[in-house]
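Given the structure is predicted, the values throughout are model-derived calculations rather than measurements. We use all heavy atoms of the structure for the numbers below, so side chains are in, but hydrogens, waters and symmetry mates are not.
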Amino acid sequence: MRLGTVRRNGTTQAFRQEAGETVYLPVPDVGALLAGGDLRRAGEPGPAPAPEELATPVLRPGKILCAGLNYYDHAEEVGQEIPEHPTIFAKYATALIGPADPIAMPEESEKIDWEAELTAVIGSPLRHATPEQARAAIAGYTIMNDISVRDWQGRTSEWFQGKNFDRTTPVGPVVVTPDEVDPEAGLAVRCSVDGVLHQDSRTDRMIFSAVALVEYLSRFLTLEPGDLVACGTPAGVGLAKKPRRIWLRDGQEVVTEIEGIGQLRNVCTPAEELLVRTS
């Protein structure tokens, strides 16, 4: 099953895709659908949405929790030791954009980087979970590109400010349920910029699996339906390129793909230009 959110006629609506059929549901987004607890609720069949119509599946997640340094190859390329415990930081919903929306390139930085990430979507409340309970609480998986403003990220030992610039983090295109994708079996993860492949790895190379991250997070906070847990990025980020670092530039297209889930396709656009468009 695939769950998503479409933008049409000035509003949003959740949809479900299964067995080649698209059904539009009477709720505004996947977050509301998960909160209601009935993924198979009745709706109206219709044509599949076009990629440019898609919004991020959960419009305003209550929590966006992200793991850093969670692939063995990425920890190696940035010269960090393998962590004993997950490295966790948070994002806010104002950073999120849809799977085909422009990335708002901030004028405050020229060191903007890509980070392809598998993301678990929570489907039921969870606290003090066992591994089995954590697995059962994952409604499905989607894709995030944790676009990182590296100079701001490096201003202090805390990464938060480099991870939360407005409208920089594409998520989508849909949420795919665990009966269709198994990250622990190894899903291909790729990110290219203007057709040049930079990241090419698999989800079974993570240090902490999605289930392990969800279990760990539940030890100190309550996870709720619609929360996102981004599982970190593999090797190949611009920060680690040699002999010189490579950064995103205005006009470039970033394509982020995870096997079995789909693709994000976003064009880097000056943030001030997007402000003019929406004013």
Which residue pairs pass the ring pair (Phe, Tyr, Trp, His ring centres under 6.0 Å) test when at least one of the two sits in residues 52-73, sequence neighbours left out? none
Test side-chain contact (heavy atoms from CB on, under 4.5 Å), reference Val254, set Asp194, Asn145, Leu264, output is Asn145
To the nearest 0.5 Å, what is the distance between CZ on Phe15 and CD on Glu53? 9.5 Å
Could you pull out the closest heavy-atom pair between Ile143 and Gly262, with the gap in Å? CD1-O, 3.2 Å
For residues 137-156, which residue pairs pass the ring pair (Phe, Tyr, Trp, His ring centres under 6.0 Å) check, not counting sequence neighbours? Trp152-Phe165
Identify every side-chain donor-acceptor pair in residues 25-41 under 3.5 Å, counting partners at least two apart or on other chains, and give the distances.
unit_1 : atom_1 : unit_2 : atom_2 : d
Asp29  : OD1    : Ala32  : N      : 3.0
Asp29  : OD2    : Gly31  : N      : 3.4
Asp29  : OD2    : Leu59  : N      : 2.9
Asp38  : OD1    : Arg40  : N      : 3.1
Asp38  : OD1    : Arg41  : N      : 3.4
Arg40  : NH1    : Glu18  : OE1    : 2.7
Arg40  : NH1    : Glu18  : OE2    : 3.2
Arg40  : NH2    : Glu18  : OE2    : 3.1

Taking NZ, NE, NH1 and NH2 as the nitrogens, is one of them in Arg150 or Glu115 under 4.0 Å from a carboxylate oxygen of the other? yes
Can you find a heavy atom in the side chain of Cys231 that is under 4.5 Å from one in the side chain of Leu213? yes
Does any pair with a residue in residues 238-248 pass side chain to side chain donor-acceptor pair (under 3.5 Å), and if so which ones, sequence neighbours excluded? His198-Lys241
Salt-bridge contact Lys63-Asp227 (side-chain N to carboxylate O under 4.0 Å): yes
Side chains of Glu117 and Thr233, donor plus acceptor under 3.5 Å: no
Does any pair with a residue in residues 73-98 pass salt bridge (charged side-chain N to carboxylate O under 4.0 Å, His left out), and if so which ones, sequence neighbours excluded? Lys91-Asp146
Are a donor atom and an acceptor atom from the side chains of Arg60 and Tyr92 found within less than 3.5 Å of each other? no
Would you kindly confirm whether Val189 and Leu118 end up in one hydrophobic cluster when ILVMFWY residues are joined by side chain heavy atoms under 4.5 Å apart? yes
Please collect all side chain to side chain donor-acceptor pair (under 3.5 Å) contacts where either partner lies in residues 184-193, sequence neighbours excluded, each pair once. Arg135-Glu184, Arg190-Asp200
